[in-house]
Amino acid sequence: MATLTFFGKLADVMGRERSLALPQAVSTAGALKDYLCAQDSVFAEVSAQSALRIAVNDVLADDAVAIRDEDEIAFMPPFSGG
Amino acid sequence: MATLTFFGKLADVMGRERSLALPQAVSTAGALKDYLCAQDSVFAEVSAQSALRIAVNDVLADDAVAIRDEDEIAFMPPFSGG
Amino acid sequence: MIDLLSDDFDPAARLSAFTASVDGAGAIASFVGLVRDQSADARVRRLRLDYHPTLTRASIEAAAQAAARRWGLRDILVLHRVGDVQAGAPIVLAATAADHRRAAFEACDHLMDYLKTQAPFWKLEITDQGERWIEPRAQDYKDAARWRA
Amino acid sequence: MIDLLSDDFDPAARLSAFTASVDGAGAIASFVGLVRDQSADARVRRLRLDYHPTLTRASIEAAAQAAARRWGLRDILVLHRVGDVQAGAPIVLAATAADHRRAAFEACDHLMDYLKTQAPFWKLEITDQGERWIEPRAQDYKDAARWRA
């Protein structure tokens, strides 16, 4: 099982953490994002509003990065600190 | 008598304050500066090193500003604070 | 020193300790950000700062180290609140110590631009009219882009 | 508030009071300048700051008012030492309070450039090798020229 975590407004709609057995076809961070968009219209809506950042095992990653079960994948709306 | 005041390295060489009966020909701040340069080689040396600023009665003034006895005229090397 | 704080802090006391710890620096620039009580159209009660449990601190540390190299800093302090921050309370303190003022100013300015747009924080604004997640303004991204080497 | 101080002061305490007095500001930028103990070729014991009895304060007040208008500041604090300042001690504190960080940063940066080259102060550096009057570096004049509107 992969661990999916969500931050900011994504945490409001998805909860902080979910477990997911990655489907066979979902082998990259980008593919997982597309999968979640297809599964969940609220996730798709937030994703459409602004580019999500992804971290795989606490490292910022682009859509092409490979993922597998056991990974922790974080989905993050645009950063806004300070 | 006019009051002449000196600051920074000028105060080291001229003292802080002098009284001077302005000669007839000395009617502007610039003329006074030239007069002091002619009278005092150390003043002339400092004046030659870097452009002096002048204030007449606590207001920054250029060389053309008229002066008279009773005025207080300050001679100031380049400013350096902070 | 980089720290994420769950509770209110006293920027002046922290800045004082920072200044005392930096021996020989000629210049210390600092910035304190406070929660404003007015947003565009509502009275702000508080902000809620969400953050990533490991990535947020690691990102700020990497940015601070890069700034220290780029500007030859003697030291850096970044304190950032997480959790609920009441209107009027400090949300961030950034301070830089350098030999000369331009390095201190630019590095501090840069760190704040970084924190606004590139550090993993998310701000929920809680007002008397409801709540909304805040995203950086276009100006914030423009400010951050000034520092591309 | 503008003040010339004949004795040592605590920048953190003054900044704390300033911050507390500025209600509603979102951004406070500040700068502390300390006397460095090393000059180019000598160990600095102290600086001696000469100033004009009326013009110095009046000039800084005029510059602060102009900065307040230009950047829409809520408040400004400038404290500057005069007389003898030991190596390691604070010589200047400038702080600006604004709604947003860019205004606070730029105004504070500008005020420091102003103080370096345009405020009537004269600095005598007293070292183990003797004394010398300091004039601004070419870079200081260049920094100050950035702000010409």
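The chains referred to below are lettered A, B, ... by the order of the sequence lines, with proteins before strands, and numbering in each begins at 1.
- Proximity of a side-chain donor or acceptor of D:Asp128 to a complementary backbone N or O of D:Arg43 within less than 3.5 Å is detected.
- Within residues 28-37 of chain C, the residues having any heavy atom under 4.5 Å from a heavy atom of chain D are, by residue number, C:Ile28, C:Ala29, C:Ser30, C:Phe31, C:Val32, C:Gly33, C:Leu34, C:Arg36.
- If you tally non-hydrogen atom pairs under 4.5 Å between each of C:Arg14, C:Lys116, C:Gln38, C:Glu106 and chain D, the highest count goes to C:Lys116.
- In this structure, D:Thr127 contributes its side chain and D:Val44 its backbone to no donor-acceptor pair below 3.5 Å.
- For the set D:Ala27, D:Ala13, D:Gly26, the count of heavy-atom pairs under 4.5 angstrom toward chain C peaks at D:Gly26.
- Taking the side chain as every heavy atom from C-beta outward, D:Arg101 and C:Asp113 approach each other to under 4.5 Å.
- D:Asp23 does not touch chain C: none of its heavy atoms, backbone or side chain, sits under 4.5 Å away.
- In this structure, the side chains of D:Leu4 and D:Ile60 come closer than 4.5 Å at one or more pairs of heavy atoms.
- Here C:Asp109 pairs with D:Arg102 in a salt bridge; the nearest charged N to carboxylate O distance falls below 4.0 Å.
- Side chains of D:Ile91 and D:His80 form a contact here, defined as non-hydrogen atoms less than 4.5 Å apart.
- Note on C:Pro11, C:Cys108, C:Ser16: by heavy-atom pairs under 4.5 Å with chain D, the leading option is C:Cys108.
- In terms of modelled atom types and a separation under 3.5 Å, the side chain of D:Arg45 and the main chain of D:Ala87 share no donor-acceptor contact.
- For the pair D:Ser59 (side chain) and D:Leu55 (backbone), a donor-acceptor distance under 3.5 Å is present.
- Only the side chain of D:Asp143 comes within less than 4.5 Å of a heavy atom in chain C; its backbone stays farther off.
- Here the side chain of D:Thr56 pairs a donor or acceptor atom with the backbone of D:Pro120 at under 3.5 angstrom.
- Ranked by heavy-atom pairs under 4.5 Å with chain C, the first of D:Asp99, D:Leu15, D:Thr19 is D:Asp99.
- Contact check for D:His110 versus D:Trp71: side-chain heavy atoms found under the 4.5 Å cut-off.
- Close approach to chain C, defined as a heavy atom under 4.5 Å from one of its heavy atoms, is seen in D:Arg137, D:Asp140 of residues 133-140 of chain D, taken by number.
- Looking at C:Asp3, its side chain never comes within 3.5 Å of a backbone N or O of C:Leu5 through a donor-acceptor pair.
- Panel note: side chain D:Arg81, backbone D:Asp84; a donor-acceptor pair is recorded below 3.5 Å.
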